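Structure, as C-alpha cells:
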Amino acid sequence: MPIDMRPAQALRLWHDVSLAIVRENGADLSPRQITVLLTVYLEPPPHTVRGLAEKLGVTKPAITRALDTMGELKLLGRRRDEADRRNVIVHRTVEGALFLERLADTIVDKARELPR
C-alpha cells in the first residue's frame with residue numbers, strides 16, 4: 001500500500017525518528033550500519049561480508065568495521081562459513097531483532113504524529 005507523503009513530511013519523519021533514537025541513549029548507528037542491519041534482517045540469508053560490500057557498494061573493510069560495532073552491541077553476529085572458509089557469514093541475533101522492532105514502532109509512532 002503506497003503512502004502519500006510530501007518531501008517536507010518525509011524529512012520531518014526522518015528527523016523525528018532520528019531524534020527519538022538519540023534521546024533513547026541506545027545504539028548510535030551510522031547510516032551504513034543501519035543499512036547493513038536492515039539488509040540482514042529484511043533480505044533472505046545467507047549474508048556474507050563480501051555480499052554486503054557488493055550490495056552497499058563499499059569495501060569489505062568498511063563492512064567489517066560496521067560489523068565490529070554491531071557485534072559489540074550484539075545486533076549481528078559473524079562466523080566462518082564451514083563450506084567455504086574464505087567467507088564470513090553474518091547472522092541475526094535476538095538483540096538485533098528487538099532493536100529493529102523498537103525502531104519500527106518508533107517510525108510508525110512518529111509517522112502518526114506528522115501534521116497532515
Side-chain angles (χ1 to χ4, degrees):
M1 150 174 105
I3 297 173
D4 188 24
M5 185 179 290
R6 294 183 309 277
Q9 287 175 305
L11 289 174
R12 172 56 56 191
L13 178 57
W14 189 6
H15 170 267
D16 292 350
V17 169
S18 297
L19 184 59
I21 292 169
V22 168
R23 287 181 174 167
E24 271 183 15
N25 292 322
D28 189 13
L29 301 180
S30 70
R32 178 178 295 152
Q33 292 164 338
I34 199 74
T35 302
V36 168
L37 186 63
L38 287 167
T39 300
V40 170
Y41 279 85
L42 296 177
E43 297 183 7
H47 300 282
T48 63
V49 170
R50 179 181 295 123
L52 290 167
E54 287 174 14
K55 177 156 187 75
L56 273 68
V58 298
T59 64
K60 289 191 303 184
I63 296 296
T64 298
R65 286 189 300 274
L67 292 172
D68 287 345
T69 298
M70 290 185 290
E72 290 170 10
L73 297 168
K74 299 182 180 166
L75 299 176
L76 289 172
R78 286 180 281 189
R79 62 178 165 72
R80 280 269 169 219
D81 182 354
E82 292 303 320
D84 183 349
R85 305 271 310 150
R86 294 171 297 173
N87 286 329
V88 176
I89 302 290
V90 180
H91 60 88
R92 301 167 181 168
T93 65
V94 171
E95 292 88 344
L98 292 172
F99 174 85
L100 286 178
E101 185 176 318
R102 288 188 306 272
L103 178 59
D105 289 343
T106 300
I107 293 168
V108 169
D109 291 345
K110 296 302 178 185
R112 286 184 180 132
E113 294 172 7
L114 285 175
R116 301 281 172 212

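Please read these numbers as outputs of a predicted model, since none were measured by experiment.
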Could you tell me whether the side chain of Leu37 reaches within less than 4.5 Å of the side chain of Gln33, counting heavy atoms only?
no
Hphob cluster co-occupancy, Val17 + Leu114, side-chain heavy atoms under 4.5 angstrom:
yes
Could you give the distance from OH (Tyr41) to CD (Glu101), rounded to the nearest 0.5 Å?
11.5 Å
Tell me whether Asp16 is salt-bridged to Arg12, with the criterion being a basic N under 4.0 Å from an acidic carboxylate O.
yes
Could you go through the side-chain contact (heavy atoms from CB on, under 4.5 Å) check for Leu19 and His15 one step at a time?
CA-CA 6 Å; Leu19 184 59; His15 170 267; 4.0 Å; yes
Got a sec: does the CZ of Arg32 have more than 12 other heavy atoms crowding it under 6.0 Å?
no
Where is the tightest heavy-atom contact between Leu67 and Val90, given as atom of each residue plus distance?
CD1-CG2, 3.7 Å
Can you name the closest pair of heavy atoms from His47 and Thr39 and give their distance?
CE1-O, 3.5 Å
Would you say the side chain of Pro45 lies within less than 4.5 Å of the side chain of Arg92, judging by non-hydrogen atoms?
yes
Taking atom CG of Asp28 as the centre, report whether more than 12 heavy atoms of other residues, nucleotides or ligands fall under 6.0 Å from it.
no
Find out if a path of hydrophobic residues (ILVMFWY) with successive side-chain heavy-atom gaps under 4.5 Å connects Val49 to Leu42.
yes
Linking I/L/V/M/F/W/Y whenever any side-chain heavy atoms sit under 4.5 Å apart, do Leu98 and Val40 land together?
no
side-chain contact (heavy atoms from CB on, under 4.5 Å) assessment of Phe99 paired with Ile34
CA-CA 11 Å; Phe99 174 85; Ile34 199 74; 3.8 Å; yes
For Glu82, the option from Arg85, Arg80, Arg79 that meets salt bridge (charged side-chain N to carboxylate O under 4.0 Å, His left out)
Arg85
Could you check whether any side-chain heavy atom of Arg112 comes within less than 4.5 Å of a side-chain heavy atom of Val108, counting everything from C-beta outward?
yes
Single hit among Thr35, Leu73, Leu103 for side-chain contact (heavy atoms from CB on, under 4.5 Å) with Leu29
Leu73
Co-membership, hydrophobic cluster, residues Met5 and Ile107, 4.5 Å side-chain
yes
Contact between Thr59 and Ile63 at the side-chain level, heavy atoms closer than 4.5 Å - yes or no?
no
Any side-chain heavy atom of Met70 sitting closer than 4.5 Å to one from Thr93?
no
If we ignore hydrogens and angles and just use 3.5 Å, is the side chain of Gln9 paired with the main-chain N or O of Arg6 as donor and acceptor?
yes
Only one of Thr48, Asp68, Thr64 passes side chain to side chain donor-acceptor pair (under 3.5 Å) with Arg78; say which it is.
Asp68
Are Leu100 and Val36 linked, directly or through other ILVMFWY residues, by side chains that come within less than 4.5 angstrom of each other?
yes
Heavy-atom closest contact (Ala20 atom, Thr106 atom, distance)
CB-CG2, 3.7 Å
Considering non-hydrogen atoms only, spot the tightest contact between Asp81 and Ile89 and give its length.
CB-CG1, 3.8 Å
